[in-house]
Novice: 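Below you'll find the structure I mean.
We use all heavy atoms of the structure for the numbers below, so side chains are in, but hydrogens, waters and symmetry mates are not. Computed from a predicted model, the values in this text were never measured in an experiment. Letters go in sequence order (proteins before strands), and every chain restarts at 1.
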Amino acid sequence: MATDIGFFKKVHQVAAKIPYGRVTSYGALAKYLGSPKSARMVGWAMNASHNNPDVSAHRVVNRLGLLSGKHHFGGTNLMQQLLESEGVVVEENQIQNFKKYFWDPQKEL
DNA sequence: ATTCTGACGTGGG
DNA sequence: CCCCACGCCAGAA
């Protein structure tokens, strides 16, 4: 049923709305979904989002702006390249001016 | 069925 | 400042 939306699906739907050139954190998404302590699941959901072309998992990083999930992007610096191609500055696997690029679903959605 | 692990975050010592 | 433990849910062995 379409009403059977689980945590993963919710994550996918929100993640799919992350604007171009913006990033957010797993915790922020989790919090928006009503489970601030389920940040891990958000990351897990990203793993499942490989089937969802609408979900850009590379725009989701941990709360420090670290590309913690880059190892799941083909195993190379693909994630960083994608971000940089969107105008996001990434250095040492960490997003610079993270706060500036940060997209808060609670605030902007 | 049980156990462990995993793209995290917060809190306590 | 650093280290450890807990919570959360799903999937794999």
Novice: Roughly how many Å apart are C:dC3 and B:dA7, using the C1' atom of each and rounding to a whole number?
Specialist: 22 Å

Novice: Tell me the interatomic distance from A:Phe98, atom CZ, to B:dC8, atom C1', rounded to whole angstroms.
Specialist: 12 Å

Novice: Can you identify which nucleotide, out of B:dC8, B:dA7, C:dC8, has its nearest atom closest to the A:Lys37 side chain?
Specialist: C:dC8

Novice: What is the separation between atom CZ on A:Phe7 and atom C1' on C:dG11, rounded to the nearest whole Å?
Specialist: 15 Å

Novice: Less than 4.5 Å apart, any side-chain heavy atom of A:Met46 and any of A:Tyr26?
Specialist: yes

Novice: Using whole Å, report how far CE of A:Met41 lies from P of C:dG7.
Specialist: 14 Å

Novice: Tell me: CG of A:Leu64 to P of C:dC2, nearest whole Å?
Specialist: 13 Å

Novice: Return the NE2 to CE distance between A:His58 and A:Met79, rounded to the nearest 0.5 Å.
Specialist: 7.5 Å

Novice: Side chain of A:Asn62: nearest nucleotide among B:dC8, B:dA7, B:dT10?
Specialist: B:dC8

Novice: Using a heavy-atom cut-off of under 4.0 Å over every strand shown, decide if A:Phe73 touches base, sugar-phosphate, or nothing.
Specialist: base

Novice: Atom NE2 of A:His58 and atom C1' of B:dA7: how far apart are they, to the nearest Å?
Specialist: 14 Å

Novice: With a 3.5 Å distance limit and no angle check, can you tell me whether A:Ser25 reaches the backbone of A:Asn62 through a side-chain donor-acceptor pair?
Specialist: no

Novice: To the nearest angstrom, how far is A:Asn47 atom CG from B:dC8 atom P?
Specialist: 11 Å

Novice: Between A:Ser38 and A:Trp44, just flag the one whose closest nucleotide in DNA chain C comes earlier from the 5' side.
Specialist: A:Ser38

Novice: Toward the 5' end of DNA chain C, which comes first, A:Phe8 or A:Arg40, by nearest nucleotide?
Specialist: A:Arg40

Novice: Provide the distance between the two P atoms, one in B:dT5 and one in C:dC4, to the nearest whole Å.
Specialist: 16 Å

Novice: Which distance, rounded to the nearest 0.5 Å, do you find between the CZ of A:Phe73 and the CD of A:Gln80?
Specialist: 12.5 Å

Novice: A:Lys10 NZ to C:dC9 C1': how many Å, rounded?
Specialist: 13 Å

Novice: Please report the interatomic distance CE(A:Met41) to CG(A:Asn47), rounded to the nearest 0.5 Å.
Specialist: 10.5 Å

Novice: Rounded to whole angstrom units, what separation is found between the CG atom of A:Asp104 and the P atom of B:dG9?
Specialist: 13 Å

Novice: How is A:Ser68 classified with respect to the nucleic acid when contacts are heavy atoms under 4.0 Å: base, sugar-phosphate, or nothing?
Specialist: sugar-phosphate

